[in-house]
Amino acid sequence: MSIPAIGALSLGSVQQPTPPVAPASSGSGAGGFGAALTGAVNNLQQLQSTSDAANVKAVTGNLNDIQDATVAAARVQTTVQLMATLRNQAVDAFNTIMRMGG
């Protein structure tokens, strides 16, 4: 099941994040998962940069709509929470697999 990406925010001249691109299927599940995880981390870094730029514009008075900075910060917060949840699930899965071996 594929989940469509959320469209980019309109932040004026602030650098827009690029939507995540689904990795090409290479035939091996591990490579595809690693590429997807790398893409998610890169997307998080882009979102953080966009949020930081919007916050700087807001503080200096150059931001036309404060809602843009708020939405960018909320996207970063949600993405960080998602990444933490994925990390926790991966650790739990690893621990379950290790218990099966013993």
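As a basis for the values below, the full set of heavy atoms in this structure was taken, side chains included, without hydrogen atoms, waters or symmetry mates.
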Taking atom [atom1] of [X] and atom [atom2] of [Y], what is their separation to the nearest 0.5 Å?
| X | Y | atom1 | atom2 | answer |
| --- | --- | --- | --- | --- |
| Thr60 | Asn55 | OG1 | CG | 10.5 Å |
| Leu47 | Thr79 | CG | OG1 | 5.0 Å |
| Gln48 | Gln77 | CD | CD | 11.0 Å |
| Asn43 | Thr38 | CG | OG1 | 12.5 Å |
| Arg87 | Asp92 | CZ | CG | 10.0 Å |
| Thr70 | Leu63 | OG1 | CG | 8.5 Å |

Margin query: Counting C-beta onward and ignoring hydrogens, is there a side-chain heavy-atom pair between Asn42 and Gln45 closer than 4.5 Å?
Written below: yes
Next item on the list: Report, as yes or no, whether the 6.0 Å neighbourhood of atom CG on Asn64 holds more than 12 heavy atoms from other residues, nucleotides or ligands.
Entry: no
Next item on the list: Only counting residues at least two apart or in another chain, list the ones meeting side chain to side chain donor-acceptor pair (under 3.5 Å) with Thr85.
Entry: none
Notebook entry, point to check: Can you check side-chain hydrogen bond (donor to acceptor under 3.5 Å, both in side chains) on Arg99 and Thr96, steps first, answer last?
Noted result: CA-CA 5 Å; Arg99 281 193 300 267; Thr96 300; 3.2 Å; yes
Margin query: Please tell me whether Val76 and Val41 are part of a single hydrophobic cluster in this structure, the criterion being side-chain heavy atoms less than 4.5 Å apart.
Written below: yes
Next item on the list: Return the minimal non-hydrogen interatomic distance between Ala58 and Ala69, and the atom names on each side.
Entry: CB-CB, 4.5 Å
